[in-house]
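What follows is a set of notes on a single structure, which appears directly below.
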Amino acid sequence: MSTYDASFRVWRGDAEGGELRDFTVEVHDGEVVLDIVHRLQATQASDLAVRWNCKAGKCGSCSAEVNGRPRLMCMTRMSTFERTETITITPLRAFPVVRDLVTDVSFNYQKAREVPAFVPPEGVAPGAYRMQQIDVERSQEFRKCIECFLCQDTCHVVRDHEENKGAFAGPRFLMRVAELDMHPLDAASDAGLDRKRTAQEEHGLGYCNITKCCTEVCPEGIKITDNALIPLKERAVDRKYDPLVWLGSKIGRRKG
Amino acid sequence: MAQVERQQWDVVVVGAGGAGLRAAIEARERGARTAVICKSLFGKAHTVMAEGGIAASMGNVNDGDNWQVHFRDTMRGGKFLNQWRMAELHAKEAPDRVWELETWGALFDRTPDGRISQRNFGGHEYPRLAHVGDRTGLELIRTLQQKIVALQQEDFKEHGDYEARLKVFQECTVTRVLKEGQRVSGTFCYERESGRFFVLEAPAVVLATGGIGKSFKTTSNSWEYTGDGHALALLAGAPLLNMEFVQFHPTGMVWPPSVKGILVTESVRGDGGVLRNSEGKRFMFDYVPDVFKEKYAESEEEGDRWYEDPDHNRRPPELLPRDEVARAINSEVKAGRGSPHGGVFLDVSTRMPAEKIKRRLPSMYHQFKELADVDITAEPMEVGPTCHYVMGGIAVDSETAATVGVPGLFAAGEVAGGMHGSNRLGGNSLSDLLVFGRRAGLHAAEYAARGASPTGRPAVSQAEIDAAAAEALAPFHAAEGAENPYTLHQELQTTMNDLVGIIRREGEMAEALERLAALRVRAARAGVEGHRQFNPGWHLALDLRNMLLVSECVARAALERTESRGGHTREDCPAMERTWRPVNLLCRPVDPVPADPAADRIELVRTRTEPIRPDLLALFEKEELVKYLAEEELYE
Ligand SMILES: Cc1cc2nc3c(=O)[nH]c(=O)nc-3n(C[C@H](O)[C@H](O)[C@H](O)COP(=O)(O)OP(=O)(O)OC[C@H]3O[C@@H](n4cnc5c(N)ncnc54)[C@H](O)[C@@H]3O)c2cc1C
Ligand code: SF4
Ligand code: SF4
Ligand code: FES
């Protein structure tokens, strides 16, 4: 086992302001950034605020920006950095700071409430639901989401544009609309709810110009843009002309 | 005098895991104004980590399955110590609870004919676990979360306020259940973000706080598992049941050290993975205990055939209940046949094509690749036992989930005892959460409605609030020589892991009790820096009270039970004793609370289990019952 000392800069402060503080911390084999933050708490800064739960990439609590990139700290291995490199950890930029690495993510919970829930099909008793695997798979991909909100943090529509937050649900919750829209038994349309149209008209789908930045940071590897947002736009286009769809299919192809 | 905000609710649910959310949904649907309070963000509770599946005898894959078979498996797994009425209700109601999830939008993996697919798991006779890949817990919690949101949307339509009848207080911690006389009157809480105190007044409180694993060094559990609900119940005067039974899951990661303890789902074995020692031998064939001899394959060939043809072959011994597998791994490592990092090998790479592994076990593939540089489609994993689940818990009434002796206090989920006896089968927790979460919510709502006239409600006294506030603030006033809560926590974990762990000995447990007493003395001086705003050091200092109390319960009960059964293995008393079968060990708080922190906090009381109903006994063969039941029970 080999051990070395690493240099860290960690943002400390609260809503009033704060600064990057320097720390030198011991690092052991196989450790991840979250281990280092825990060591800091146990040895140098007992009140350093951080969120985490599972430490295995399953709960989506430990989101932060590591060297400016939105990441899960529990899934960021120290071996991906040079030993001499100074590693900077800052809170998610798109959300207001509460304290240190903890941000106020209530924006996301508000947006979650604005997406109308699953509408069960009428006349189908519990236990009588029949769906083919191939038909549930599309929505299942989106249900892998661990709500780490890294995509919400990354998306340039809100990252530095507080003013867009009211109108834009963000990739995570646009994807939720897509998930319900693709659910084989969702009966929203029978209840008079057109999910595709609401994506455009109520959840701000039009703001998305399919840059795919959200997809790139998703720790679950969900193809948010290709599999959720673009299909949603393509469906919306039946009702509303959206030039980005056309453009998006070109960009998609060129990127490979 | 502490000035704190007070809010009035009908039912307060402490915990937003599967049990808490299901309880809250039920209470709200029964008309109770319901508050849910949880330490993490909404949707992050421990349930989110569950992987393998939910056990329910829907019979979608093998139509031989029914509630009786599920009941039998559960009792066998728990070595007949289960509170049998709970095991019965659980087996009967689990299918409805799973189907109900579909009506709320859950998307389980499907069978070819479009029904919910079910997979094999240890101790379950038939494929029984409804699942979504290996992220079933995520599906469960998200479905319940979204159902809560759906109810809030209804309330918004009706009242213009999402939180009119159902509110989630996220990132808040309960430190005391408050009472007027015997009756529950509410909870004392702090907001983690600000450190602000507040009181939720309610005649009914449901504890659904999960487990205790953070008192052990090697564990699959998260920071939330500090035994809060167990301690809250004790402090409110409600006893705990059979706390000696702690499940060590056989397969946790062992390398690298920073991930030691993280779970490797049992589905790996359910889907065909095998355990080998350093000599390449499938050692589990040497560890089939007598009570299970007829049920498990005797040769590798037979075990392998079972995956394809379960009706004519017996299952491989890798799928024995967890306590058996964990002990076997422990013995292999002790005998010097372990893997390089002190575990054994778990291999799927030679058993399934890479593509199939990635599809059936995506998060395991991901977890090993990302955290250990191991490609499980090409090489075996190294695994070893990890503290995973507590079977012991708050003693409850089987039908209503009401605790003993504290009117208005209910408990469900991992924090409740009885359902799983001495050992829980995989998949039986998620179903337990739904079945008893629902029951707790239902009965809490009914209880609250019965005493709901404004004058009839128990009141919260200022004195109680002041006492709770002073207790919570103590770590900021620690004098010179304050103890670091992180250090205390580490010492506690080492003590429990090494002295009251998977294999137990009398002398070591006695030593553990002494060390716990010494830690209590030091914890009384735990001190923290900084202020009350989102201060993890302070939060930990408060959690220490709970961990110490619960650890004392585990150690004391484990010392008392001089036999080995399920999740309680004594090297000095290796046999399962039929005379212990009908014995429950209750942990009660010493009353009044002694002033000296070194003094015992817990006393043990032995009670007899209720005789198992004859029609349920009739589900077993006589020859099998003789192996479990005490002499006198056979003639009852
Ligand atoms: C890695 C892993 C995999 C598992 N896989 C499976 C599986 O496949 N199948 C299965 O059946 N079981 C499985 N289990 C077990 C199962 O997940 C748990 O037993 C179950 O989720 C517990 O649910 P719960 O509702 O009782 O508590 P939890 O989901 O743990 O929720 C507890 C809640 O209580 C809150 N809380 C705690 N203390 C306080 C306090 N003082 N104040 C306020 N709130 C508080 C917490 O914040 C949290 O919201 C697994 C467990 C682990 C660790
Ligand atoms: S693809 Fe759309 S949602 Fe995703 S980051 Fe770009 S603009 Fe935002
Ligand atoms: S879609 Fe991906 S990045 Fe976005 S919240 Fe979900 S898991 Fe995180
Ligand atoms: S701690 Fe759960 S995702 Fe990192």
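Reckoned from all heavy atoms, side chains included, excluding hydrogens, waters and symmetry mates.
Among A/Ile146, A/Val32, A/Thr76, A/Leu185, the residue making the largest number of heavy-atom pairs under 4.5 Å with chain B is A/Ile146. Chosen from B/His366, B/Glu139, B/Gln367, the residue pairing most often with chain A at heavy-atom distances under 4.5 Å is B/Glu139. When A/Glu220, A/Arg176, A/His38 are compared by the number of non-hydrogen pairs under 4.5 Å with chain B, A/Arg176 comes out ahead. Of the listed residues (B/Met49, B/Glu100, B/Arg135), the one with the most heavy-atom contacts under 4.5 Å to chain A is B/Arg135. Contacts with chain B were tallied for A/Pro121, A/Cys59, A/Pro120, A/Ala45; A/Cys59 has the most, counting heavy-atom pairs under 4.5 Å. Put simply, of B/Lys39, B/Arg192, B/Glu51, B/Met253, the one with the most heavy-atom pairs under 4.5 Å next to chain A is B/Glu51. Counting heavy-atom pairs closer than 4.5 Å to chain A, the top-ranked of the candidates B/Glu193, B/Arg142, B/Glu224 is B/Arg142. Contact tally against chain B (heavy-atom pairs below 4.5 Å) for A/Glu137, A/Glu114, A/Lys144: the top residue is A/Lys144. Interface summary for chain A: among B/Pro256, B/Gly114, B/Pro95, the most heavy-atom pairs under 4.5 angstrom belong to B/Gly114.
Contacts of A/Val119 with chain B are absent, with no heavy-atom separation under 4.5 Å from either backbone or side chain. For B/Asp109, the parts sitting under 4.5 Å from any heavy atom of chain A are the backbone and the side chain alike. Using a 4.5 Å cut-off between heavy atoms, B/Ile262 touches chain A through its side chain atoms alone. Both the backbone and the side chain of A/Asn53 have a heavy atom closer than 4.5 Å to some heavy atom of chain B. Interface remark: A/Asp135 contributes no atoms to any contact with chain B (heavy atom separation under 4.5 Å). Looking at A/Leu48, the atoms closer than 4.5 Å to chain B (heavy atoms on both sides) all sit in the backbone: N, CA, C or O. Of the two parts of B/Arg115, the backbone and the side chain both hold a non-hydrogen atom closer than 4.5 Å to a non-hydrogen atom of chain A. Both the backbone and the side chain of A/Ala42 come within contact range of chain B, with heavy atoms under 4.5 Å apart. Neither the backbone nor the side chain of B/Tyr225 comes within less than 4.5 Å of any heavy atom of chain A. Only the backbone of B/Trp104 comes within less than 4.5 Å of a heavy atom in chain A; its side chain stays farther off. In this structure, the portions of B/Glu529 lying under 4.5 Å from any heavy atom of chain A include both its backbone and its side chain. Of the atoms belonging to B/Ser40, it is side-chain heavy atoms, and not backbone ones, that fall under 4.5 Å from chain A. Proximity to chain A (any heavy atom under 4.5 Å) is shown, for B/Thr143, by both the backbone and the side chain. At a 4.5 Å heavy-atom cutoff, B/Pro362 makes no contact with chain A through either its backbone or its side chain.
In this structure, the side chain of A/Glu147 does not engage the main chain of B/Gly43 through any donor-acceptor pair within 3.5 Å. Without hydrogens or angle criteria, B/Arg110 side chain to A/Val136 main chain gives no donor-acceptor distance under 3.5 Å. Between the B/Gln153 side chain and the A/Val115 main chain, a donor and an acceptor come within less than 3.5 Å of each other.
In this structure, B/Lys260 places its NZ atom where only 12 or fewer heavy-atom neighbours from other residues, nucleotides or ligands lie under 6.0 Å away. More than 12 heavy atoms of other residues, nucleotides or ligands sit less than 6.0 Å from atom CD of A/Glu19. The number of heavy-atom neighbours closer than 6.0 Å to NZ of A/Lys165, taken from other residues, nucleotides and ligands shown, is above 12. In this structure, B/Arg196 places its CZ atom where more than 12 heavy-atom neighbours from other residues, nucleotides or ligands lie under 6.0 Å away.
Cation-pi geometry between B/Lys44 and A/Tyr109 is not met at under 6.0 angstrom from the ring centre and within 45 degrees of the axis.
For the atom pair CG of B/Leu138 and SG of A/Cys54, the computed distance is 10.5 Å after rounding to the nearest 0.5 Å. Taken from CH2 in B/Trp223 to NZ in A/Lys55, the straight-line distance is 16.0 Å, to the nearest 0.5 Å. In this structure, CG in A/Asp14 is found 12.5 Å from OG in B/Ser194, a value given to the nearest 0.5 Å. Interatomic distance, CD of B/Gln146 versus CD of A/Glu179, reported as 6.0 Å (0.5 Å rounding). For the atom pair OH of A/Tyr129 and CD1 of B/Ile116, the computed distance is 10.5 Å after rounding to the nearest 0.5 Å. Rounding to the nearest 0.5 Å places CG of A/Asn108 at 13.5 Å from CZ of B/Phe42.
Between B/Glu163 and A/Arg113 there is a salt bridge, with a side-chain nitrogen of the basic residue lying less than 4.0 Å from a carboxylate oxygen of the acidic one.
Considering only heavy atoms from C-beta on, B/Asn535 comes within 4.5 Å of A/Arg99 through its side chain. B/Val528 has its side chain out of reach of A/Asp47: every pair of non-hydrogen atoms, C-beta onward, lies at least 4.5 Å apart. At least one side-chain heavy atom of B/Pro536 sits less than 4.5 Å from a side-chain heavy atom of A/Gln41.
When all heavy atoms of B/Asp113 and A/Gln132 are compared, the closest pair comes out as C-NE2, 4.0 Å. Taking every heavy atom of both residues into account, B/Phe534 and A/Val102 meet most closely at CE1-CG1, 3.6 Å. Listed here is the closest heavy atom pair of A/Gly30 and B/Ser258: O-OG, 3.0 Å. For the pair B/Leu107 and A/Gln140, the tightest heavy-atom approach, listed with the atom from each and the gap, is O-NE2, 3.0 Å.
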